Novice: 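I have a structure here, written as structure tokens, and I will follow up with some questions on it.
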Amino acid sequence: MTRAGRHFLQIPGPTNVPDRVLRAMDGPTIDHRGPDFAKLGKEVLEGLRPIFQTRGAVVIYPASGTGACEAALVNTLSSGDRVLIMETGWFSHIAWRETATKLGLQVEYAPGTWRRGASPEDLEQRLRDDKTHTIKAVVVVHNETSTGVVSRIADLRKAMNSARHPALLIIDTVSSLGSIDYRHDEWEVDVTVTGSQKGLMLPPGLGYNAISEKALAASKTATLPKAYWDWEPMLKNNASGYFPYTPATNLLYAMREALAMMQEEGLQNIFRRHQRHGDATRAAVRAWGLEIMCEDPREYSNSLTAIYTPEGHDADTLRALILDRFDMSLGTGLGKLAGKVFRIGHLGSFNDLMLAGTLSGVEMGLRLAGIPHTPGGVLAALDTLSVPASKAEPVMS
Ligand SMILES: *Cc1c(COP(=O)(O)O)cnc(C)c1O
């Protein structure tokens, strides 16, 4: 069935790809060993660094985010190494615990409730208990996309430092990079993993690793088998703007355009925009009288909000109704949250009126699905969004 107007893609990734980025992809696929490619390669590799807030190396794989997770592990670890993975939700399980286990790593999975971020106290205790330093890496999902909870990476790094533990710190920022403040260098992260299709506003298909000096040193002695994911030939070729194999050339055109857009808007303004949209969405949910999954306001996600439907009301029935009536896709409940939770994505290329439309679709859907709620969530969000710019609080310290 043909539908008039735009589809609302309000899942927390893939996100709405701006027209500018789509148009940028519409160019000839060039010789990836030729001089024009080298210019493109250098430009995107250089342009990515400020997004990770790093001065170090960033590599780009033609891969989904999960591929970049695997790359982080195989480059830094050896068979049988212990890895401490903090449970935050579905992605700490599927992207990390499952991957690490299949690779032959020994996984310690620190339990979590899915309603809070990784606990710095728990991390510190576990590392202090590991007196002989058998844990080689700690893995944390920065923004847990299944729950809308952000782990406080600066505090987790402090916990590692105060335990004086040398494990590598590997962070998954697939749904936070380019939407929520994230500092690879300042937080002494060793490998930052991300993907193209969320905050970076690109179609799916690229995966990234930002690599610290310490991670690079670890890769020299790590013995897990690696070929395609090996950083060494990648970094060697990248130095002159090339790749060891055929890169996703047209996605790199898209990336050059997306990086230009991010630079024009300014990273701090992008974070502020996501903060406003997170605040407004949460104001709507509270006005509806529904429950936000995230329990700790310090850990609210500004890229998505996960919301419980009341007992006895299936969240997927609501989602299906909203898709059918209003042509809007919302995120489903993942893993044990299936049917209990729906997620509103408010990240990437997104503005106030798109959010107002999104929340209107949710409110109409709640009414049509007969889900008990208090009308007026949209109005509460509009109140939040229409605070004069001069009175709006800056989010950055
Ligand atoms: C989306 C996502 C992934 C997986 O990325 P794919 O591109 O689907 O492989 C991993 N971790 C987090 C936190 C994500 O949001």
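Start at 1 and go down the list; that is how both ligands and their atoms are numbered. As the structure is a computational prediction, the values presented were derived from the model and not from experiment.
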Novice: Sort out for me which residue in E87, E291, E299 forms a salt bridge (charged side-chain N to carboxylate O under 4.0 Å, His left out) with R115.
Specialist: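 The passing option is E291.
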
Novice: Looking at residues at least two apart in the chain, or sitting in another chain, which of them share a side chain to side chain contact (heavy atoms under 4.5 Å, CB included) with S301?
Specialist: N143, V150, I180, S303, L304

Novice: Give every pair formed by an N or O atom of ligand 1 and a protein N or O atom closer than 3.5 Å, one pair per line with both atom names and the distance to 0.1 Å, or write none.
Specialist:
unit_1: ligand 1; atom_1: 7 (O); unit_2: G65; atom_2: N; d: 2.8
unit_1: ligand 1; atom_1: 7 (O); unit_2: Q197; atom_2: NE2; d: 2.8
unit_1: ligand 1; atom_1: 9 (O); unit_2: S64; atom_2: OG; d: 2.5
unit_1: ligand 1; atom_1: 9 (O); unit_2: G65; atom_2: N; d: 3.2
unit_1: ligand 1; atom_1: 9 (O); unit_2: T66; atom_2: N; d: 2.8
unit_1: ligand 1; atom_1: 9 (O); unit_2: T66; atom_2: OG1; d: 2.5
unit_1: ligand 1; atom_1: 11 (N); unit_2: D172; atom_2: OD1; d: 3.4
unit_1: ligand 1; atom_1: 11 (N); unit_2: D172; atom_2: OD2; d: 2.7
unit_1: ligand 1; atom_1: 15 (O); unit_2: T145; atom_2: OG1; d: 2.4
unit_1: ligand 1; atom_1: 15 (O); unit_2: K198; atom_2: NZ; d: 2.7

Novice: Given the rule in the side chain to side chain contact (heavy atoms under 4.5 Å, CB included) test, do D230 and N75 qualify, once you have shown the distances and angles that lead to the verdict?
Specialist: CA-CA 6 Å; D230 195 349; N75 275 287; 3.8 Å; yes

Novice: Just by modelled atom types, is the V378 backbone N or O under 3.5 Å from a matching donor or acceptor in the E363 side chain?
Specialist: yes

Novice: Report the residue from E108, Q106, R82 that forms a side-chain hydrogen bond (donor to acceptor under 3.5 Å, both in side chains) with T134.
Specialist: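 Result: among E108, Q106, R82, R82 is the only option passing the side-chain hydrogen bond (donor to acceptor under 3.5 Å, both in side chains) with T134.
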
Novice: For residues I292 and Y308: do they belong to one hydrophobic cluster (side chain heavy atoms under 4.5 Å, members Ile, Leu, Val, Met, Phe, Trp, Tyr)?
Specialist: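 No, I292 does not connect to Y308 through the hydrophobic network.
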
